[in-house]
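A quick note: this is a predicted structure, and the numbers were derived from the prediction, not measured. In each ligand, atom 1 is the first atom listed, and ligand 1 is the first ligand listed.
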Amino acid sequence: MVVILKEDRRQEQMDNLTNWLKSLGIDIHVCNGEHQTILGLIGDTSSVDINLIKALDIVEDVKRIQEPYKNANRKFHPDDSVVVIDKEKDIKIGGGNFQIIAGPCSVESIDQICAIAQAVQKSGATMLRGGAFKPRTSPYAFQGLRGDGIKLLLEAKKITGMPIVTEIMDISQLPLFDEVDVIQIGARNMQNFELLKELGKTNKPILLKRGLSSTLQELLMSAEYIMAGGNENVILCERGIRTFETYTRNTLDISAIPALKTLSHLPIIIDPSHATGISRLVKPMALASAAAGADGLIIEVHNDPARALCDGAQSLTPEAFDDVAKSVQGILPYAYKLN
Ligand code: PEP
Ligand code: MN
């Protein structure tokens, strides 16, 4: 971080600033130019409030020259991270390991979740998704089967052996997630910092979805919350962002894949279902994501989309999913060569 000082300053103000920064454990390199004095701050400045320094009378401007996230930063971890989901079954994401997660938006019944689990597994999905706690825009919409939904996912896991991925909405629900393999933080909770901190204390893989209107830096800062607590098993997920376009539910930011790969070592997966909201668009977006270097996909599949209790319009039938999964597997060898 560099601090550019104003010309008209008193020595006493300068001393106050440098003493305060030193008390934070930061070394200061003073550069006296002909027209400007610049302070180079050396050390861990991630906890320094840039706006607090900017507000000082003697400060002209402050610039960060390093990102405020350390654990998630590729600069400090040049190799891709690999998140291990199931060691015995050798299911891992990142560093050349591509996984497809599939399943319904919401768990509805034992028959529904087991039928979909078996179908998507046959097509090559390696993990089962299904919402038990559902963050719905309307309080009158189906809110999910909650704890019972997790029990049904565990039944489907028993039958298929597939690791399960499901969303947590509140810290109080954590005891119900003991046997859940991957805990999802939904877009609406990406900045629920207390929840992120709590999940940082666990060693569970966390699927962290990008917020509806969040920047990549904000997404990485949320990952940092989890990692700062000691949990390095974070998988990033781009699921579409809010733009002026209304034809699609959201706008899929494909550029987030190479951009995040540059900034971070964490695996990144794409959710083409929530990104588009339209089942017909899922296949081309899934293929584009794989070609752009994604480490995996999370796709909504329903045995009867027209009667789904949630997100039917974007859900694939098992047959359509089979086509998408096989097409994606078909281009992966080329995608690896390109990226
Ligand atoms: C979901 O995965 O069902 C979901 C609610 O996703 P998002 O948080 O991305 O909207
Ligand atoms: Mn959904």
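- The closest side-chain donor-acceptor pair between Asp170 and Ser172 falls under 3.5 angstrom.
- Residue Cys105: an N/O/S atom is found under 2.8 Å from the Mn ion (ligand 2).
- Of all protein heavy atoms, the one closest to atom 6 (O) of ligand 1 is Lys209 NZ, 2.9 Å.
- Residues Asp311 and His274 have side chains that bring a donor and an acceptor to within less than 3.5 angstrom of each other.
- A donor and an acceptor atom, one from each side chain of Gln143 and Arg136, are nowhere located under 3.5 Å apart.
- Polar contact check, Lys134 against ligand 1: a nitrogen or oxygen pair lies under 3.5 Å apart.
- The closest side-chain heavy-atom distance from Glu232 to Asn71 is below 4.5 Å.
- Between Arg188 and ligand 1, an N or O atom pair is found at a separation short of 3.5 Å.
- Looking from atom 4 (C) of ligand 1 to the surrounding protein, the closest heavy atom is His274 NE2, 3.5 Å.
- Ligand-side atoms of ligand 1 in range of Glu300: 3 (O), range being under 4.0 angstrom from any heavy atom.
- In summary, the side chains of Gln99 and Thr126 do present a donor paired with an acceptor at a separation below 3.5 Å, with no hydrogens or angles considered.
- Looking at Asp311 and the Mn ion (ligand 2) together, the shortest N, O or S contact belongs to OD2.
- Connection of Ile113 to Phe321 is established within a shared hydrophobic cluster, with ILVMFWY side chains joined at heavy-atom distances below 4.5 Å, either directly or through further cluster members.
- Checking only distances, Ala187 does come within under 3.5 Å of ligand 1, N or O to N or O.
- In Glu300, the N, O or S atom that comes nearest to the Mn ion (ligand 2) is OE2.
- Around CZ of Arg9, the count of heavy atoms belonging to other residues, nucleotides or ligands within 6.0 Å exceeds 12.
- Among the atoms of Gln184, some N or O lies under 3.5 angstrom from an N or O of ligand 1.
- One side chain, Asp15 or Gln11, offers a donor N or O that lies under 3.5 Å from an acceptor on the other.
- Heavy atoms of Arg210 stay at 4.0 angstrom or farther from ligand 1.
- Close contacts between ligand 1 and Arg239 involve ligand atoms 7 (P), 9 (O), 10 (O) [criterion: under 4.0 Å to a heavy atom].
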